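A short write-up of the structure that comes next.
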Amino acid sequence: MKKLNVTISLEMSVPDDWTLAETSEGTQVLALPQGQFLDLSVEPLFTDDPEGIWASTDDEGELHTVLDMVESEEVRYTFVTH
């Protein structure tokens, strides 16, 4: 088995009322209006045609097989002010 490092970086324009919150375990999440929270993390997408439509799987076993390969995940949220 070999190691694969995947780096995903997103820059998003979000509403001004989104804020950062922290769970009891110290994990950062986004606090949205009306008491909702959002966490962005890896979601495996699959296709039979790399030029076609990509989608998550309905097969829980297939999904867990991929997610079980993840040894660590780091998500950081930073608001940028200009």
Side-chain angles (χ1 to χ4, degrees):
M1 181 112 13
K2 56 187 172 185
K3 292 282 185 189
L4 171 66
N5 288 330
V6 178
T7 302
I8 300 171
S9 179
L10 302 174
E11 183 173 309
M12 302 170 62
S13 294
V14 301
D16 289 333
D17 57 358
W18 284 26
T19 60
L20 295 178
E22 196 170 289
T23 68
S24 62
E25 296 176 345
T27 302
Q28 260 191 339
V29 295
L30 293 164
L32 283 56
Q34 287 109 26
Q36 288 188 308
F37 296 89
L38 171 66
D39 184 21
L40 298 169
S41 63
V42 64
E43 178 188 357
L45 299 176
F46 300 88
T47 187
D48 291 331
D49 175 7
E51 303 303 323
I53 296 173
W54 292 78
S56 58
T57 182
D58 291 330
D59 182 343
E60 291 291 318
E62 186 175 35
L63 176 63
H64 289 292
T65 296
V66 173
L67 292 178
D68 286 345
M69 293 178 196
V70 177
E71 294 177 7
S72 67
E73 180 181 45
E74 181 179 340
V75 178
R76 284 186 235 171
Y77 301 100
T78 306
F79 286 112
V80 179
T81 57
H82 299 277

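Everything quoted here is computed from the prediction, not taken from an experiment. Sequence positions, counted from 1, serve as the residue numbers for this chain.
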request  = Please check if atom CG in Leu45 has more than 12 non-hydrogen atoms from other residues, nucleotides or ligands closer than 6.0 Å.
outcome  = yes
query = How many angstroms lie between atom CG of Asp39 and atom OG1 of Thr23, to the nearest 0.5 angstrom?
reply = 9.0 Å
request  = Please step through side chain to side chain contact (heavy atoms under 4.5 Å, CB included) for the pair Met69 and Met1, ending with a clear verdict.
outcome  = CA-CA 11 Å; Met69 293 178 196; Met1 181 112 13; 5.7 Å; no
ask   = Looking at CD of Glu71 and CG of Asn5, how far apart are the two atoms once the value is rounded to the nearest 0.5 Å?
value = 9.5 Å
message = Quick check on the hydrophobic clustering: are Val66 and Leu40 connected, directly or via other members, by side-chain heavy-atom contacts under 4.5 Å?
response = no
note = In short, Trp18 meets Phe79 closest at the heavy-atom pair O-CZ, 3.5 Å
inquiry  = Determine whether a donor-acceptor pair (N or O, by modelled atom type, separation under 3.5 Å) exists between the side chain of Glu62 and the backbone of Thr57.
reply    = no
note = Heavy atoms of Tyr77 and Leu30 approach each other most closely as CE2-CD1, 3.8 Å
inquiry  = Quick check: closest heavy atoms across Asp17 and Pro33, and the distance to 0.1 Å?
reply    = OD2-CG, 3.1 Å
key: Interatomic spacing from OG in Ser24 to CD in Glu22 - rounded to 0.5 Å   = 9.5 Å
Stepwise side chain to side chain contact (heavy atoms under 4.5 Å, CB included) check, Val42 with Leu67 = CA-CA 9 Å; Val42 64; Leu67 292 178; 4.2 Å; yes
request  = May I ask whether Leu32 and Leu10 are part of the same hydrophobic cluster, defined by side-chain heavy atoms of I, L, V, M, F, W, Y residues being less than 4.5 angstrom apart, directly or through others?
outcome  = yes
inquiry  = For a 4.5 angstrom cut-off between non-hydrogen side-chain atoms, does Leu4 reach Val6?
reply    = yes
inquiry  = More than 12 heavy atoms of other residues, nucleotides or ligands under 6.0 Å from CG of Asp49: yes or no?
reply    = yes
query = In Å, rounded to the nearest 0.5 Å, how long is the span from CG of Leu63 to CZ of Phe46?
reply = 6.5 Å
key: Worked check of side chain to side chain contact (heavy atoms under 4.5 Å, CB included) between Val29 and Leu38   = CA-CA 6 Å; Val29 295; Leu38 171 66; over 6 Å; no
